Amino acid sequence: QVQLVESGGGLVQPGGSLRLSCAVSGFTWDYAVIGWFRQAPGKEREGVSCFRNGDGTTVYADSVKGRFTISRDNARNTVYLQMNNLKFEDTGVYYCATAVRCLTRGPRTIVSGPNTYWGQGTQVTVSS
């Protein structure tokens with residue numbers, strides 16, 4: 001059974017940092033494709049970052065490039081999203097997911113689909 005469990009969300013001031021974690025189980029880690037998505041109130045869910053464990057490719061949405069870093073701990077089957085210099089517009093529920101498309105080119109590079117597995121989400125609020 002595929003499981004993804006996020007943690008690490010919270011309330012932070014603009015310019016602050018948070019690190020989200022996603023513990024994964026139930027699928028083959030070596031070739032996993034993992035993505036982070038977020039959904040702000042009243043907006044559609046959007047891809048933030050992803051990586052392909054098989055070839056080490058990482059992708060970031062333009063809105064977070066230079067501020068967010070995706071990483072993983074292969075020994076713990078855990079994915080992290082380090083978020084620095086947070087902005088008001090980063091507020092939302094953050095989800096990790098697998099069975100996503102993680103592409104290096106094209107109009108949409110971090111894409112979920114009908115077979116995507118989702119975690120329960122963790123709230124990130126950036127507020128002064």
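The first residue in the sequence is number 1, and the count goes up from there. Note that the coordinates shown come from a computational prediction; the quantities given were computed from them, not determined experimentally.
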## Note on the structure
Scanning both residues in full, the closest heavy-atom pair of T122 with G9 reads OG1-N, 3.1 Å
### Smallest separation among heavy atoms of A61 and G47, with atom names
CB-O, 3.5 Å
### Task
Could you tell me which non-hydrogen atom of L86 sits nearest to which non-hydrogen atom of L18, and how far apart they are?
CD1-N, 3.9 Å
### Task
To the nearest 0.5 Å, tell me how far E46 CD sits from S63 OG.
5.5 Å
## Note on the structure
Rounded to the nearest 0.5 angstrom, the NZ-CD distance for K43 and E89 is 8.0 Å
### Query
So how far is it from I70 CD1 to I34 CD1, rounded to the nearest 0.5 Å?
8.0 Å
### Task
Answer yes or no: is there a donor N or O on one side and an acceptor on the other, between the side chain of T91 and the main chain of V126, under 3.5 Å?
yes
### Cluster link V48 to Y117, ILVMFWY, side chain under 4.5 Å
yes
### Query
Are there more than 12 heavy atoms of other residues, nucleotides or ligands under 6.0 Å from atom CZ of F27?
yes
### Task
Work out which heavy atom in N84 is nearest to a heavy atom in S17; give both atom names and the distance.
OD1-OG, 2.9 Å
### Query
Side chain of E6, backbone of Q120: donor and acceptor closer than 3.5 Å?
yes
### Query
Are T57 and D55 close enough, and set up right, to give a side-chain hydrogen bond (donor to acceptor under 3.5 Å, both in side chains), and what steps lead you there?
CA-CA 6 Å; T57 295; D55 63 9; 3.0 Å; yes
### Message
Quick check for you: to the nearest 0.5 Å, what is the distance between L81 atom CG and S21 atom OG?
### Response
9.5 Å
### Task
Go through the steps to decide whether W36 and C22 satisfy the test side chain to side chain contact (heavy atoms under 4.5 Å, CB included), and finish with yes or no.
CA-CA 9 Å; W36 283 99; C22 175; 3.6 Å; yes
### Side chains of Y94 and R38, donor plus acceptor under 3.5 Å
yes
### Polar side-chain atom of R52 near backbone of C102 as donor-acceptor pair, under 3.5 Å
yes
### Query
Does the T125 side chain pair with the main chain of L11, one donor and one acceptor, at a distance under 3.5 Å?
no
### Message
If you count heavy atoms of other groups shown closer than 6.0 angstrom to CZ of R67, is the number above 12?
### Response
yes
### Working for side chain to side chain contact (heavy atoms under 4.5 Å, CB included), residues T69 and Y60
CA-CA 8 Å; T69 302; Y60 297 93; 3.8 Å; yes
### Summary
Across all chains, not counting sequence neighbours, the side chain to side chain donor-acceptor pair (under 3.5 Å) partners of N53 are R72
## Note on the structure
Looking only at heavy atoms, the pair that brings N115 and A99 closest together is O-CB, 3.5 Å
### Query
Taking the side chain from Q13 and the backbone from S127, do they hold a donor-acceptor pair closer than 3.5 Å?
no
#### Entry: Euclidean distance, S49 OG relative to M83 CE, rounded to 0.5 Å
11.5 Å
#### Entry: Separation of F51 CZ from T58 OG1 (nearest 0.5 Å)
10.0 Å
### Query
Can you hop from V12 to F68 via hydrophobic side chains spaced under 4.5 Å?
yes
### Message
Contact between V2 and T98 at the side-chain level, heavy atoms closer than 4.5 Å - yes or no?
### Response
yes
### Task
Apply side-chain hydrogen bond (donor to acceptor under 3.5 Å, both in side chains) to the pair D73 and T78, showing each step before the final yes or no.
CA-CA 5 Å; D73 183 334; T78 299; over 6 Å; no
#### Entry: Residues clustered with F37, ILVMFWY side-chain links under 4.5 angstrom
V33, V59, V93, Y95, V100, I110, W118
